Each structure stands twice: as C-alpha cells, then as structure tokens.
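Single-structure report; data block below.
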Amino acid sequence: MIANYKNGKDVLPPQLLKELQHYIEGELIYIPKKSNQRVGWGELSGTRQMITSRNEEIFELYSSGHSVDHLMQSYHLSEDSIRKVIFKMRAEHGKETIQS
C-alpha cells in the first residue's frame with residue numbers, strides 16, 4: 001500500500017495545527033476516512049472480485065457434475081471450504097442438492 005503523506009501546514013487550519021502539535025509534535029499520524037467512506041475488504045485490490053469469480057467457477061463446475069473431491073484438488077481448498085462455496089452459491093442461484 002502506498003501512503004500519501006501531506007504536511008499539516010499545507011492542509012490544516014493554523015489553530016487545528018497548533019492543537020495537534022500539542023499532542024503529537026513532529027510525529028506521523030494516520031487520520032482514517034469517515035466510516036461511511038470506507039471501502040469493503042478486497043475492493044481496491046481486486047481480491048474480492050477474484051474470489052467471487054473463483055466461487056462462481058467452482059459452482060459451475062460442481063453443477064456440471066464435478067465432484068467435491070475433484071474441486072478440492074483443483075482449487076487447493078478443504079472439503080469444508082468447497083462445501084461452503086457450493087452452499088452459498090446454491091442459495092444465490094436457488095439450486096437444490098449437493099453431491100460428494
């Protein structure tokens with residue numbers, strides 16, 4: 001992650017800068033975004049989309065007849081992880097059964 005540092009003199013009102021200097025003069029401080037502006041996990045890096053695509057692929061393969069064992073080996077995931085993906089995707093797609 002690349003941090004964008006800004007000099008407090010350039011972005012803060014003088015009175016606020018003086019108040020902050022009282023507490024943390026010369027040190028770095030991180031100021032988080034407002035909670036309603038935060039992005040979800042993996043949204044900026046693309047990880048969330050990658051996992052969603054992988055899960056769709058797992059479900060499509062399972063639906064076309066591939067076994068859980070085959071999917072475990074293909075995706076290097078545990079049986080529990082594969083079954084969780086299938087259950088979640090099945091709920092989203094309205095599908096019924098799970099095979100071994």
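Below, each value reflects all heavy atoms present in this structure, side chains not excepted, and no hydrogens, waters or symmetry copies. What you are looking at is a predicted structure, and each value in this text was computed from that prediction instead of being measured.
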- Message: As a quick check of understanding, evaluate side chain to side chain contact (heavy atoms under 4.5 Å, CB included) for V85 and L71, giving each step before the final call.
- Response: CA-CA 11 Å; V85 167; L71 296 170; over 6 Å; no
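Other residues sharing a hydrophobic cluster with I24 under the 4.5 Å side-chain heavy-atom criterion for ILVMFWY residues are Y23, I29. Through direct or relayed side-chain contacts under 4.5 Å between Ile, Leu, Val, Met, Phe, Trp and Tyr, L20 connects to V11, L12, L16, L17.
Residue pairs meeting the salt bridge (charged side-chain N to carboxylate O under 4.0 Å, His left out) criterion with at least one member in residues 12-30, sequence neighbours excluded, do not occur. Residue pairs meeting the side-chain hydrogen bond (donor to acceptor under 3.5 Å, both in side chains) criterion with at least one member in residues 44-53, sequence neighbours excluded, are S45-T47, Q49-S53. Applying the side-chain hydrogen bond (donor to acceptor under 3.5 Å, both in side chains) test to every pair with at least one member in residues 72-81, sequence neighbours left out, gives these pairs: E57-Y75, H70-S74, S78-S81, E79-R83.
The only member of E92, H93, K88, R54 that meets side-chain contact (heavy atoms from CB on, under 4.5 Å) when paired with F59 is H93.
With sequence neighbours left out, the side-chain contact (heavy atoms from CB on, under 4.5 Å) criterion links N7 to K9, D10.
Expressed to the nearest 0.5 Å, how far CE of M89 lies from OG of S63 amounts to 9.0 Å.
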